[in-house]
S.K.: 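Handing you this structure, nothing more for now.
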Amino acid sequence: MGWNRKILRVDLAGGTCREEPLNMEWAQEYLGSRGLATKYLVSEIDPRVDPLSPDNKMIMATGPLTGTMASTGGRYTVVTKGPLTGAIACSNSGGFFGAEMKFAGWDMIIFEGRAPKPVYLHVENDRAELRDASHLWGKSCWETEETIKHELQDPLVRISSIGRAGENQVYYACIVNDLHRAAGRSGVGAVMGSKNLKAVALRGTKGVSGIRDFGEFMQATNAAKKVLADNAVTGQGLPKYGTQVLMNVINEIGALPTRNHRDVQFEDAGKISAEAMHEKRPSDGKPQLVTNAACFGCTIACGRISEIDKGHFTVKNNPKYWGASGGLEYEAAWALGAANGVGDLEALQYANLLCNEQGMDPISFGATVGAAMELYEMGVLTQEQIGLEAPFGSAAALAKLAEMTALGEGFGKEIGLGSKRLCTKCGHPELSMTVKGQEFPAYDSRGIQGMGLAYATSNRGACHLRGYTVASEVLGIPVKTDPHVTEGKAELVKAFQDATAVFDSAGICVFTSFAWTLADVQPQLAAACEGDWSMDKLNAVGERIWNMERQFNNAAGFTAKDDNLPPRLTSEPAKTGPAKGMVNHLDRMLPEYYQVRGWTPEGVPKPETLSRLGL
Amino acid sequence: MKIAFKLFASLSDYLPAGSRDNRIELDVDEGVSVAEMIRRYQVPERSAHLVLVNGLFVPPAERSRRRLQEGDEVAVWPPIAGG
Ligand code: SF4
């Protein structure tokens, strides 16, 4: 078994922590992490619950490969109902926190209710207790981590926490672990804040036991690591250039959303690219990038550790930001940069540091700033309202708005609503570049048709990590498909969605899928876990998880109408580049997708689909 | 005729010293193929993974057939991915 078979249930209102056995029947059906935690959540909460009320629950979960010697086996997920979307939220993070949960002997932690005053959870192996966190409230994620380590006199304790954004219930607040890794999307940090839960501090010294067949597991994980090492993407490309290498690619193919998706190419893309991060700055002769970094057990090491230019206007009087820290990854660089027309790499890193420090999703934050800048340029929002000039391209406005949003000051409170609520409030809901209330990531679906369908049908709102067809449509992984056609995209999207659900639920990083297929994951799971873990079973598990999430959303009030894209993407043609003149043809793909999924034309799983999947 | 030739990520090492922004502007003979350009800069064939002309993908089998035209932009990447 790759599971510890043990859950920690924390009643925040009552202040108690209770041990429970893991439901092993469910583990056989939903694997772990994303799948298994979602099964618990949907069984325990009313889908119509207010996400920020005490009746919502929040689950932190590991998978059977988390904490093991499987490459990238350090992942954990936070599953809850998301405040940004009102849909299922499932945010995945790397770093070391997930592995530590496993070492402490737990598979997942379920948080219920709301604490009467700020608390943090301290777990040391079997012992778990809620502690007062009044002194931590108001502190950043970075200060919280330092303070807890100091008071526990344990530098090795692993911490996930919220910053000011989560406390203030910024709708896209995230939960930050290990200083710059985050369960980033859908506002899981706001749920944590609504529960008065400031942090979770874990220390585990038990290691991982109970692997089904250790010899077989060693063999399987070693073989899989060799696949990663031998692959040019996971063995060389990602460690050297990180995800940021995509900036020039996506710009070149004309799918880099720019200035709130007004444009599809950014004239300064090169200045904010991976290549630029390697270049020496004229100011101090140093490149922004210091080194790459790895999450627990990862043999890819795609993470970026950078040092901001100390003389840059954003930090020149603020030495606390001068040290090496996390960033920039592609999504953050895009959202803080191209989405706002800002081509100042140092300003992007500053805004990114604030997102890590105070716990905000840089994608949703950056995209919301993009919407605000468009409203400003239209004259809908004024300098008086915002408190500053905020035209597209203003690095000063980006930096100031990041500070204001992170600290909940002035117009920052409005930016903290997210783009859908902000644009609706301003009378222009059509300018919100969102699906189900969540902001798009860094791919314009006019130039990558399949991504339009992946976004529209993603169970957690617009997201690239639910079905990353960019891999096939642009990068040729596992096979190259044409990004401009709609034919075949329904099957492609479904295949990516179901497989990703398995990667996530196993406790490994989805970036392995640039080299691994499910056939590489299967022997690792089969060696670690008791039960049948054949390819057929894994395919069924992925599809089951997807349908379970869909059913939750349907019960929460979502319908086929919500499987939609903003009108800009379906009616305003791309202005430049190879996709010039194109819009996204979601209408051609969606009916076929419902069919492929075994859903009704209204997007509801048919009874025979549910019974086939045992739902 | 004038074309632009762009090499990204680790392939930028194959550009002449002093090139900026991962690109060079070139004067080439009419009818030069994509594959010839890649060879001219000694980019190993297996490293020329993603080859775009004006942003559109050119599959490996078509690279020697595909003739360039005035103003074309050729961009080449090794195997890469992101997220
Ligand atoms: S590939 Fe990157 S994000 Fe994934 S586990 Fe490794 S370092 Fe972390």
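We name chains A, B, ... by the order of the sequence lines, and we start the count at 1 in each one.
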S.K.: Examine whether an atom of A:I477 lies under 4.5 Å from a heavy atom of chain B, and if so say whether it belongs to the side chain, the backbone or both; otherwise answer neither.
M.R.: side chain
S.K.: So which residue, A:L465, A:V474, A:I250, A:L246, ends up with the most heavy-atom pairs under 4.5 Å with chain B?
M.R.: A:L246
S.K.: I'd like to verify something: which residue of A:E279, A:E329, A:E275 has the highest number of heavy-atom pairs under 4.5 Å with chain B?
M.R.: A:E275
S.K.: Just checking B:D29: does its CG atom have more than 12 heavy atoms from other residues, nucleotides or ligands closer to it than 6.0 angstrom?
M.R.: no
S.K.: Has the side chain of A:S273 got a donor or acceptor atom that lies under 3.5 Å from a matching backbone atom of A:A276?
M.R.: yes
S.K.: Please state whether the side chain, the backbone, both or neither of A:E252 comes within less than 4.5 Å of a heavy atom of chain B.
M.R.: both
S.K.: Once you measure the plane-to-plane angle for A:H464 and A:Y443, does it fall in the parallel (<30°), tilted (30-60°) or perpendicular (>60°) bin?
M.R.: tilted
S.K.: Describe, in one word, how the ring planes of A:Y241 and A:H278 are oriented to each other, choosing from parallel (under 30°), tilted (30 to 60°) and perpendicular (over 60°).
M.R.: tilted
S.K.: With a 4.5 angstrom heavy-atom cut-off, is it the side chain or the backbone of A:I253 that approaches chain B, or both, or neither?
M.R.: both
S.K.: Testing the 3.5 Å rule here: is there a donor-acceptor pair between the side chains of A:S186 and A:Q438?
M.R.: yes
S.K.: Is the closest side-chain donor-acceptor distance between A:S472 and A:T481 under 3.5 Å?
M.R.: yes
S.K.: Would you call A:D504 and A:R466 a salt bridge, using N to O less than 4.0 angstrom?
M.R.: yes
S.K.: Please classify the contact of A:V510 with chain B as side chain, backbone, both or neither, using a heavy-atom distance under 4.5 Å.
M.R.: neither
S.K.: Relative to chain B, which segment of A:L475 carries a heavy atom at a distance below 4.5 Å: side chain, backbone, both, or neither?
M.R.: both
S.K.: Which atoms of B:F57 come close to chain A, meaning under 4.5 Å heavy atom to heavy atom: side chain ones, backbone ones, both, or neither?
M.R.: side chain
S.K.: Can you tell me which of B:S10, B:S12, B:G82 forms the most heavy-atom pairs within a distance under 4.5 Å of chain A?
M.R.: B:G82
S.K.: Measure B:L50 against the heavy atoms of chain A and call it side chain, backbone, both or neither at under 4.5 Å.
M.R.: side chain
S.K.: Does a side chain donor of either A:T576 or A:Q265 reach within less than 3.5 Å of an acceptor in the other side chain?
M.R.: yes
S.K.: Under a 4.5 Å cutoff for heavy-atom pairs, which residue among A:T243, A:D482, A:N251 has the most contacts with chain B?
M.R.: A:T243
S.K.: B:N54 versus chain A, heavy atoms under 4.5 Å apart: side chain, backbone, both or neither?
M.R.: backbone
